[in-house]
Protein chains: 2
Amino acid sequence: MTIKDLAAASGYSVGTVSRVLNGHSNVSETAHSIVMKVVEEYGFELNANAKYLKQQSGTCILVIVKGTSNELFATLVEQLQLLATDTRYPLIIDYIDEDANEVVRAIQLSKERKPLGILFLGGSNRHFRASFAQTKVPSVVVTNDAHALDFPRLSSVSTDDQVGAYQAVEHLIRAGHNNIAVLGGDRTRSDTSFLRYQGCVDAFQHNRLHFDDSWYRTGRYSFASGYRNMTDLLQIHPETTAVFAMADVIAIGAIRALWDQGKRVPYDVSVIGYDGLRISDYFLPKLSTIAQQVEALAQRSFTLLLDCVEGGLPARHETVPFSLKIGESVRSLSSLPK
Amino acid sequence: MTIKDLAAASGYSVGTVSRVLNGHSNVSETAHSIVMKVVEEYGFELNANAKYLKQQSGTCILVIVKGTSNELFATLVEQLQLLATDTRYPLIIDYIDEDANEVVRAIQLSKERKPLGILFLGGSNRHFRASFAQTKVPSVVVTNDAHALDFPRLSSVSTDDQVGAYQAVEHLIRAGHNNIAVLGGDRTRSDTSFLRYQGCVDAFQHNRLHFDDSWYRTGRYSFASGYRNMTDLLQIHPETTAVFAMADVIAIGAIRALWDQGKRVPYDVSVIGYDGLRISDYFLPKLSTIAQQVEALAQRSFTLLLDCVEGGLPARHETVPFSLKIGESVRSLSSLPK
DNA sequence: TTGTATGCGTTATCAT
DNA sequence: ATGATAACGCATACAA
């Protein structure tokens, strides 16, 4: 079933059928209704390959999502979809592996779909540096700061990870802690981990506290990694009274590990996380965490991209505020003991 | 950059270039190496639209995933990707909204990519009944039993939700509970919820316990829904000593609600979940739950699909065993009180 | 307003 | 082994 068959069935030519299907104005009322009736009847749909092959410029916005089991991104996608329904732009959402190269993927998909703009949910500066130049449309990286890359078509919307981590650690220090462990990602491979690590170091230095790498453990952003690293670290530093986990999932793994080692949170050890995932409100204890403002991230990214796509504005780099969410997982050492 | 340009650059014709790119055997060593060198040089990639437009039959396997924030499906996808790398079949993974029509989407995508087979991660019998007939290739529904649909090309691999729910409730009953609340999904809209509900009822009846709908609350599979419904239910039945939650996320919401109402799990109230998500091992208390065997689900589904695609075998309907995972969230009433 | 014809980039069927 | 050429299904410039 092609538009040729449709033309035969409707008595009109393929040109008219195509025009009806694409909502062009220069078709008569009667032609429109007759063609549409036949379309309904056969349940016809255009062949997307032929369509995109023919079209020189598409009309969609491409969204590349790094990682499928990332709750933050999942909610971000939901928000974006809401925003997109208010516009005439269809969203093409493409999920790739956490460790895959998002820019290479974007280039490939761009050739197929010719998007008007690209939204990257997560990304690594390394990949952008290597091949973003091959891209042709305005793009924005969400979650990572791409300011330093200085590409003329590449914007970014992010929270200040360094300051976020700084405030998290300072929250612990203000609560009277100085034996603070840090559980994070690989700071040599993940830009986010690097910045959060820097924020930590800043906080320690600013408060004249010593911090060496024996208090720092590197791993993935997962429950299991948090559990393992917390268990390890407790062997070396049983005097730990507080933990900064660079992700809520790490924090949860760590809390469980502490429990299994006979330490209760927050009575024996305080833990602060990062992200503000939904689970943080339901966990026992409720997680104190640096909460990302997902709605704001989505909103800012989307309008920023539209500004560039529609208005031809130059790339911008925006920062969305975070908030320190006080839960039940941090105890002030100056308050009464259990 | 098209194969035409490539032909010019390499001195060969488009035919030869195409043959090289598709790994055909009837090309000379020299032609192969020369063309490949040019391909490398320009970083050329085939235009997917033109390719799929031309190709009458594709070579991939289509995976339709219902819902992006479903951890069970996320791990299922990972497993499937592992399995697929052992074969020559590329996987096309398409995530759609939890409430979207997976069959309609499959039909649409099939027209574009001409897959050899389709894997549905989740699905509703209603949608299959309505339009699966328009499909042309072997398919398997994972997680739902499609036996009753009786389509000749539609297989399914699922765990027996009814028996699973039965065992969950019986686990509570055996522990001495008889004031058991049930928190689930909408049994009129979700096949899974319906079966788990049936399993509950079976367990009550088999144990000669009374069960009326005032002990049952319906909602979404989310923390928030579990929290809300547990809070509500506690108003009506403060004598509740045990809860069966039809999903781990509901269980976690419920546990938090109980805590906020001054009830501790498992000392005051026992809770059992369903799914065996990763969080169930890290939550405090560790969740007792009906654990789905994700690896087995993936393995069985994939080989089943290949059996049909390659071997031309008829559709089958398999059941993958689950396991009752004992955590820390259920207390036996006969054991010593706190 | 409608019809006709060309080309999008690729694969495949012919010849050579 | 290689080259020329006809589709694949659609959008669109042009003609009517």
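First the proteins, then the strands, lettered A, B, ... as listed; each starts at 1. Heavy-atom basis, side chains included; hydrogens, waters and symmetry copies ignored.
Annotation: the terminal axes of the helix from dT1(C)-dA16(D) to dT16(C)-dA1(D) meet at 40°, where each axis is the rotation carrying the C1' atoms of four end pairs onto the next four (5 pairs per end, rounded to 10°).
Rounded to an integer number of Å, the gap from N26(B) CG to dT16(C) P is 18 Å. Atom P of nucleotide dG9(C) and atom CG of D5(B) are separated by 8 Å, given to the nearest angstrom. As rounded to whole Å, 10 Å separates atom P of dT1(C) from atom CD of E29(A). At whole-Å resolution of the value, CD in E112(A) and P in dT10(C) are 12 Å apart. As rounded to whole Å, 17 Å separates atom P of dC8(C) from atom NZ of K111(A).
Inspection of the Y89(A) and E310(A) side chains reveals an N or O donor paired with an N or O acceptor under 3.5 Å.
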Donor-acceptor list for residues 37-47 of chain B side chains, cut-off 3.5 Å, not counting sequence neighbours:
{"unit_1": "N47(B)", "atom_1": "OD1", "unit_2": "N49(B)", "atom_2": "N", "d": "2.8"}
{"unit_1": "N47(B)", "atom_1": "OD1", "unit_2": "A50(B)", "atom_2": "N", "d": "3.0"}

Name every donor-acceptor pair, under 3.5 Å, that has one atom in a side chain of residues 140-151 of chain A and the other anywhere in the protein, sequence neighbours excluded.
{"unit_1": "N144(A)", "atom_1": "ND2", "unit_2": "G123(A)", "atom_2": "O", "d": "2.7"}
{"unit_1": "D145(A)", "atom_1": "OD1", "unit_2": "H147(A)", "atom_2": "N", "d": "3.0"}
{"unit_1": "D145(A)", "atom_1": "OD1", "unit_2": "S156(A)", "atom_2": "OG", "d": "3.4"}

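Residues forming a side chain to side chain donor-acceptor pair (under 3.5 Å) with R189(A) (at least two apart in sequence, or on another chain): none. With sequence neighbours excluded, no residue forms a side chain to side chain contact (heavy atoms under 4.5 Å, CB included) with D86(A).
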Nucleotide by nucleotide, nucleotides 6-16 of chain D touches protein heavy atoms under 4.0 Å in the pattern (B base, S sugar-phosphate only, - none) -BBBBBBB---

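The residue Y52(B) sits apart from the nucleic acid: no heavy atom pair falls under 4.0 Å.
The two residues G185(A) and S193(A) come nearest to each other via the heavy atoms CA-OG, 3.3 Å.
Between T59(A) atom OG1 and L116(A) atom CG the span is 5.5 Å, to the nearest 0.5 Å.
In R153(B), the CZ atom is crowded: over 12 heavy atoms of neighbouring residues, nucleotides or ligands sit closer than 6.0 Å.
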